[in-house]
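Remarks on the structure that follows.
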Protein chains: 2
Amino acid sequence: MPAKYVYSFGGGKADGDESMKNLLGGKGANLAEMSGIGIPVPPGFTVTTEVCTHYYKHGRRYPKELEGQVRSALERVEKIMGRKFGDPRRPLLVSVRSGARLSMPGMMETVLNVGLTETTLPGLIEESGDARFVYDSYRRLIMMYSDVVMEKAAGVEPKDGHGIRPRLEHLIDERKHAKGVTLDTDLSAEDWRELAARFKETVLEVLGKPFPDDPMEQLWGGIGAVFASWMGRRAVEYRRIEKIPEEWGTAVNVQAMVFGNMGEDCCTGVAFTRNPATGENHFYGEFLTNAQGEDVVAGTRTPSPINDESKNDANSTQKTLAEVTPSAYEQLNSIRLKLEKHYKDMQDIEFTVERGTLWMLQTRTGKRTGAAAARMAVEMAQEGLIDRKIALMRVKPEQLLELLLPMLDPKVERATHPVAKGLPAGPGGAVGEIVFTADEAAELAKSGRKVLLVRNETSPEDVHGMHVAQGILTSKGGMTSHAALVARGWGKCCIVGCSALRIDMGSRTLTIGDKTYRQGDVFSLNGTSGRVFDHDIALVEPDLEHNEHYMKLMEWSDSFRKIGIRTNADTPEDAARALKFGAQGIGLFRIEHMFYGEGSDDALFLLRKMIMSATLAERTEALDELFPHMKDDIKKTLAVMGGYPVTIRLLDPPLHEFVPKSRERLEELAASLHIDLAALERRAEGLHENNPMMGHRGVRLGVTYPEVTAMQVRAILEAAGELLKVGVKALPEIMIPVTCTSKELDHQKAIVERVHSEACAKLGLSKIPYLYGTMIEIPRAALTSNRMAEVAEFFSFGTNDLTQMSFGFSRDDIGGFLGDYLEKKLLPEDPFASIDIEAVGELIKISIERGRATRPDLKVGICGEHGGDPASVRFCHEAGLNYVSCSPFRVPIARFAAAQAAITSTPKTQAKPAPRKAAPKKAAVKAKRTAKPAPVKKAAKRVAAPRAKAAKKVAPKRKAVLKKAPKRASAKKATKKTAKRR
Amino acid sequence: MPAKYVYSFGGGKADGDESMKNLLGGKGANLAEMSGIGIPVPPGFTVTTEVCTHYYKHGRRYPKELEGQVRSALERVEKIMGRKFGDPRRPLLVSVRSGARLSMPGMMETVLNVGLTETTLPGLIEESGDARFVYDSYRRLIMMYSDVVMEKAAGVEPKDGHGIRPRLEHLIDERKHAKGVTLDTDLSAEDWRELAARFKETVLEVLGKPFPDDPMEQLWGGIGAVFASWMGRRAVEYRRIEKIPEEWGTAVNVQAMVFGNMGEDCCTGVAFTRNPATGENHFYGEFLTNAQGEDVVAGTRTPSPINDESKNDANSTQKTLAEVTPSAYEQLNSIRLKLEKHYKDMQDIEFTVERGTLWMLQTRTGKRTGAAAARMAVEMAQEGLIDRKIALMRVKPEQLLELLLPMLDPKVERATHPVAKGLPAGPGGAVGEIVFTADEAAELAKSGRKVLLVRNETSPEDVHGMHVAQGILTSKGGMTSHAALVARGWGKCCIVGCSALRIDMGSRTLTIGDKTYRQGDVFSLNGTSGRVFDHDIALVEPDLEHNEHYMKLMEWSDSFRKIGIRTNADTPEDAARALKFGAQGIGLFRIEHMFYGEGSDDALFLLRKMIMSATLAERTEALDELFPHMKDDIKKTLAVMGGYPVTIRLLDPPLHEFVPKSRERLEELAASLHIDLAALERRAEGLHENNPMMGHRGVRLGVTYPEVTAMQVRAILEAAGELLKVGVKALPEIMIPVTCTSKELDHQKAIVERVHSEACAKLGLSKIPYLYGTMIEIPRAALTSNRMAEVAEFFSFGTNDLTQMSFGFSRDDIGGFLGDYLEKKLLPEDPFASIDIEAVGELIKISIERGRATRPDLKVGICGEHGGDPASVRFCHEAGLNYVSCSPFRVPIARFAAAQAAITSTPKTQAKPAPRKAAPKKAAVKAKRTAKPAPVKKAAKRVAAPRAKAAKKVAPKRKAVLKKAPKRASAKKATKKTAKRR
């Protein structure tokens, strides 16, 4: 049997179905499916993706069987439609559309009205009785065909940099100008006829070839153009971003044309089976009377709502489809219900009513906002349409993230008008002073100012400024521009292609309309909607506890996930916040963090004194002074966490990081150490290292200065012991960082045991429970995990450092080449954002396997920044980790990603699930209750401070939430904005 | 059967033999063995090492069976000797000596004359007819026993910091002073009798206990003291250095005393069956008439030579043993021959002649110098005593190294007198200005001066000065002092414990005798002999080509080794030198090296210009200028290497390493780039990295600046192509450094292929043969080697970086903690000196396995500095590498170590042996012949320059040879200097 390259559909049956997306593409498979379940679809056929692959493998030639199969399929269409392709009386017209396995909206080409020729024009005019419609269709064909087939697909360089399309558009403008009209609809049949003729002359003149008057030539030209567009610049770029393999190829759908523009009893529209912005369960869509789909996209006319639920500010006065043609609306609505029942998901559909007859042109799973995704998933599960597992899989982690982001206060935003609108390229809200260069952004941000970087477009040289900006706004570029990609990568608020902006770099001003702004003026951006405001709008945290759909998703997530979720938290405030987000412990409490930030001056001074000590005596003095600070700090967090484990990492960074830079501070320090400034500077100099990341840090400090380890351990154990004595449960886990040999663990263990005895004696306790373990962040530690586990009761993968050492990439210095690596596809993505499963992942797996071989109940977690990255969470689940730990704001993402991982995969090594405690909210309450010591109580209160206050302090949190961000073009495009859809 | 704890020997038979060293210790096993083969050995018994282990496991208690077994064994000795222990008439005296599995000379205790009491004294006097001898023996017993048993083993703190021994010695001095004599031999029987009495009073007074008058108490005291000394400070320290496990324990040998001091027909001596300094096959030793072994050690009398061959400057006028007692000498000589035939190795023996009867007290394998080791091994093989494999195993790599080191010109040295003598702690010769602090050493060395660091002793704070010094000289400390350990670790010339030195730090002067020297005075050190000269003596390279034993060892090595040996060489001079040393190719030619050193100014300037370029145009201009320099440089080395492969590593270090520091240079550069200084400084600033070792370097530069790769590859291929055209074979191997993903290799390969086509076209060649491969120096590269080998035709392990990344140790910064790590035994040794087999080794094995799974004929080598470390060479052999590459001067060591590895182990993965070419010398000749282009010829000539010139230029070579150095106390102690032997 010869290979089947063409699949027919229509007339109530089809060769293919929905399951054949790989072969027929998404569109083709769905057309076949709809046809198969009795939904009215214009008949047509699909040229398979295999033809595309063959086409590129064989020097852009088709398999020899194709021509015959296309001819037969076309005959079938002719039969169903009662028309003939090229027939002078009842001519069949067809559309030629792309259709890849995954939707690539607007990235490939389409040709409509194929089959209109000098021969078929009269017949169609006679049949339709509408010469204007026919010539309008004809000029559209010439325009599209010359642009798409004759220019783009043929690789013709546009003359003077201008393609054929603007030239043809110019002819229309001239004609309108000559007639003194402004709308296309004001042009007559004769106008279009003459324009069509002028078009053909221009095509011949500009492209050097005549527009083909043969229908079959048009058809093959259209098919070729679609295949050619698979390798077009836009499509290639889009695939790179969306990680769609080139070898998938696209299918081509050839389908009988139906006309929404054949008169006032015709219309065309797009709709969603539920509201894609809110998720509400009502039909939602818009349509244009007497129009082709192209017109809806072009946005020259404001479409009308299909029903009352679809009304908005712009179209609320227009008549709805339900009002205009109730029967078509009713039929459409029943198809909507049938489709949702059939596909069990929200559908995005295209329809045309031709002279009262409804035709479905397309159905596909609809894109949706994060809020809508959550709501639909929960409600569909509650309706019984899907089960909970499917509901959880329906929401992408990055959609969940949208719910967590701070946003412009919706009450304020609703009451004000944007000064401009662009493409929503990075989610959430952002407020700040506008600046026009990356350097200015960096400078202002350094001094603590919040800035928005405003540029025509961005380039890799701007990355440092983009990084520190609250948000990014560009006048040019689309969803795949540099700014959009980078911002999405970081989850940073970003609006691109905001064409209303006029930036003057000379005067450093921004003009929108007739208003001019200067650097320093405050703007607000809504990156989820693309709206730009020229004033300050407060950012607010989303009210998650009252978001029933979010709460349901979290509840269901916890019921499925196998892996525990902890948080990286260094303060009682962060700890309390993480508990509210559902954390089950602290996976990383960085002991040095108490020396950063506000209120840490005293402790920092003492730490510096300790660092600058040259003798054991000096150091011991400084340590003794430092001890009470450290103990109190640890105690507060242990108290907040109640009975949850708290992994405390001993001093990790290279000491010279703490050396003060200012002369004043240095002098202060010298005085306290009773040495002169020169001596102090020499000591500071002595701490300098060439590669501090691989220098004297972590456990290496504990080995050279055992007294520093002893002090820290004493602070931990006495803090825990003192809590135990007042009835507060404390579960400290002492974690040794930067270990490369188990002997280091032995060495430090001896200190821990000695201090434990001393602390017990001091507090009159027989024992203070603690665990002793290590970070696995050095490749050698991973490889020697069998030995490590002889001493360590737990491992925690420090995937930041492990990635640094495994790749030999200094995270601080990667900026010099990472861009090139991603650009040139040498790396699939930033390995610091998502775990490199191939090598870093192998080290982790080796480590777990060897560690558990020695100690079967070894507790294993991860505390690098990957802990909040969904792909990494999945890896951790599959690798059999007991828990992941991430920043407080990523905890919900981690819980959710863990559930998705549990639903779709089976871990190879079954992790012993971390003991799960009562629901997170309860735990937080309990933490408050048990947090008896005064300072902790205060801390817990601070967390519960009124939201107004929280809104002001949003910036650092935002950073935390956004550190890992959606990598893929987000689903937000699927709002009612239908630009570029096709 | 009860456990056997005591093994008897003597009277022509023995319970044990030589194979039982683990149980009986080396000395005990050899006494048993000698006894078994009929050599006259005073009878005795050995208390096993198991008793030592038991003793320390059970709170210093003996197994209960021990007492009875000792008693029976003692009875056996009594029977053989016809004497009784404690018998008033014919009393038996015994010695109690330690005897560990490996010799630990002078590190443990001995007690002689055990059994002398008030009761046995008269009998012995009557029997010997020599009261003076008996009282002399008695006072020796009291002295040793009180010191070793009653003070040291009992842990008694010496009063006023002075032990019992100096007090007793003081009594002797007083007596001599009172009698107006100077020598012990001038004291009479009565003197000794009275002194013995005074000794006993003093012991009671100082130690609070009487000297025991019971022979059995003395015996058990002696046994206990030996066991106690196993855990003594000296022994523990020695074991740490020599890596002898504590759990081995020591045996105790109790043996009938025979007396070399019972009159003029008695003597005692030590001898070697061949000359331990030169290796010559003649009997070599010395003896003292009427003396105990102790006297030979003490050095108060100059021993006499046993024969003419043993004469030296100091003893040439004395009568030899052969002359004094020809019969004893003859008997001794026949025992010598018997022992060598039996043990098949040079023996170090102790003997005593008691009233004409010869007794052998000990035999053991003798220590020897490097030269002696080589000669003995070769000659014994030629004599048929051993086979070639054993001969090769007889020489330690560090002994071979001795042969390679530059040394003080022996002709000059022989003609001059040393001003002082110390312990030979680090081998070879060194000449330089004396300095007294490490800082001064560092400062002078910076300005290119050669210095010798002279200190009383060194500490870790001096390491930077020690590192830059040519040699180290200390007045204090022994073979295990800090200076000795560090210097040996580096293979640096070092003399310690040179007590004649008086250093005045205030005036910065050194006084020896009555002569005072100032900083800057030139000294010369012979670290192999310990001799110090106060003037300049030229250093000379050893004349290896005329050293027949060395040449034989190399020849035999090559016949056994399985692994190829290449060299790391960046210049034609180094390449030629390495060929002479037997290298079979270059494993690492660092392309950036041409920018270092003399004569590189032009190229360096252009490199800097390239680095500082901000645009592709600027960079291309600089690259075009740089190209001819690079091509010429590569061409010269390729020409020298003739048909041997040359692995050329593309630009590796972070660019900012090349940024000039001086304002003048910066201005020059700015002018050349047509930018101002500020702009240049900004560019330089932009190159700064926090962790450059993991920054923008290696292939990352080639990815971001493909034009830089292209220029280098063009230089390589055109150089090779131009040679090919004139008939010179050139085999370049292009090596990509710092790879972490195979995609980098794909990316660079495309450039290489393009440039190859261009170069072929330019030169009119159809092809320029080359291999394309990569360094494996990043853990991720090792783990993904299956992919790497899809593109790479060869791997070369960059074990320096691989160690850095695997441990997270920055080699530049390791100084801050490595000392502590070695000190606290957290690391067995510096992983940059010897491959960490556990983890780095595993990565290497994984890489090879995966690489060869993809490409079975993958060529695998190592080019890190481990390539010249014998233990690492062994690892490489076992891991199945094709070759190791090391610095030119390490090539012989590598050849030799590879042979040893091949002899003693079987590789798991059989390496395909690198094609071996003609003998090294021939290759060198060929290289000269084929090296047609003028500059190369010149270079080759320079190599063959007269030795006088070479001697002057010795310093940098020395550094290269010494980078890896003997870790163990070297064998040089085994010269005629017999101090501390026992």
Side-chain angles (χ1 to χ4, degrees), chain A residues 654 686-701 703-705 738-744 746-747 777-784 787 801 803-817 819-821 824-828 831 836 838-840 842-843 846, chain B residues 654 686-701 703-706 738 740-744 746-747 777-784 787 801 803-817 819-821 824-828 831 836 838-840 842-843 846:
Chain A
L687 292 173
H688 171 80
E689 293 184 307
N690 289 322
N691 294 285
M693 192 57 71
M694 301 195 292
H696 197 174
R697 55 179 287 238
V699 68
R700 299 164 197 174
L701 296 170
V703 166
T704 49
Y705 308 122
V738 201
T739 327
C740 71
T741 158
S742 62
K743 299 231 166 111
E744 291 166 323
D746 294 331
H747 181 267
E777 54 187 332
I778 300 283
R780 193 179 193 281
L783 291 170
T784 59
R787 304 259 187 133
D801 270 293
T803 300
Q804 291 201 105
M805 303 299 162
S806 300
F807 278 83
F809 282 177
S810 159
R811 199 156 50 137
D812 294 335
D813 305 311
I814 199 178
F817 54 92
D820 277 295
Y821 270 67
K824 295 174 181 173
K825 304 192 204 175
L826 305 187
L827 287 175
D836 165 54
E838 186 174 6
V840 178
E842 180 175 12
L843 283 176
I846 286 173
Chain B
L687 292 174
H688 172 80
E689 294 184 305
N690 289 320
N691 295 286
M693 194 54 73
M694 302 194 292
H696 197 174
R697 54 180 286 240
V699 69
R700 297 163 199 174
L701 296 170
V703 166
T704 48
Y705 308 122
V738 201
C740 71
T741 159
S742 61
K743 299 229 167 114
E744 291 167 322
D746 294 330
H747 182 267
E777 53 186 334
I778 300 284
R780 192 178 194 282
L783 291 170
T784 59
R787 302 258 189 134
D801 270 293
T803 300
Q804 290 202 106
M805 303 299 163
S806 300
F807 278 84
F809 282 176
S810 159
R811 199 156 50 135
D812 294 335
D813 305 311
I814 198 177
F817 54 91
D820 277 295
Y821 269 66
K824 295 175 182 174
K825 303 192 202 175
L826 305 187
L827 288 175
D836 164 55
E838 187 174 5
V840 178
E842 180 174 10
L843 283 177
I846 287 173

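The sequence lines fix the lettering, A, B, ..., with proteins before strands; numbering per chain opens at 1.
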What option among Cys740(B), Ala781(B), Pro654(B) has the most heavy-atom pairs under 4.5 Å with chain A? Cys740(B)
Interatomic distance, Phe817(A) atom CZ to Arg697(B) atom CZ [nearest 0.5 angstrom]: 10.5 Å
One should read off an interatomic distance between Glu744(A) CD and Ile778(A) CD1, to the nearest 0.5 angstrom, of 8.5 Å
Contact origin within Pro828(B) toward chain A - heavy atom pairs under 4.5 Å: neither
Kindly give the heavy-atom pair with the smallest separation between Ser806(B) and Leu843(B), and that separation in Å. OG-CD1, 3.3 Å
Option in Val738(B), Asp836(B), Leu827(B) with maximal non-hydrogen atom pairs under 4.5 Å from chain A: Asp836(B)
Just by distance, do the side chain of Asn691(A) and the backbone of Ser810(B) share a donor-acceptor pair under 3.5 Å? no
I need the residue from Thr704(B), Val840(B), Leu687(B) with the largest number of non-hydrogen atom pairs under 4.5 Å to chain A. Thr704(B)
Thr741(A), part contacting chain B, at a heavy-atom distance under 4.5 Å: side chain
For the CZ atom of Arg811(B) and the CG atom of Asp801(B), what is their distance to the nearest 0.5 Å? 8.0 Å
Interface moiety of Asp746(A) toward chain B, non-hydrogen atoms closer than 4.5 Å: neither
Indicate yes or no: at least one non-hydrogen side-chain atom of Phe809(B) is less than 4.5 angstrom from one of Arg700(A). yes
Check whether Ile814(B) gets within reach of chain A through its side chain, its backbone, both or neither, counting any heavy atom under 4.5 Å. neither
Portion of Arg787(A) that has a non-hydrogen atom of chain B nearer than 4.5 angstrom: side chain
Interatomic distance, Glu689(B) atom CD to Asp813(A) atom CG [nearest 0.5 angstrom]: 4.5 Å
Which atoms of Glu842(A) come close to chain B, meaning under 4.5 Å heavy atom to heavy atom: side chain ones, backbone ones, both, or neither? side chain
Take the angle between the ring planes of Tyr705(A) and His696(A) and call it parallel below 30°, perpendicular above 60°, tilted in between. parallel
Most heavy-atom pairs under 4.5 angstrom with chain B, which of Asp820(A), Leu701(A), Leu826(A)? Leu826(A)
Using a 4.5 angstrom heavy-atom cutoff, name the option from Pro692(A), Gly808(A), Ala839(A) with the most pairs to chain B. Gly808(A)
Return the option, out of Lys743(A), Met694(A), His688(A), Lys824(A), with the maximum number of heavy-atom pairs under 4.5 Å with chain B. Met694(A)
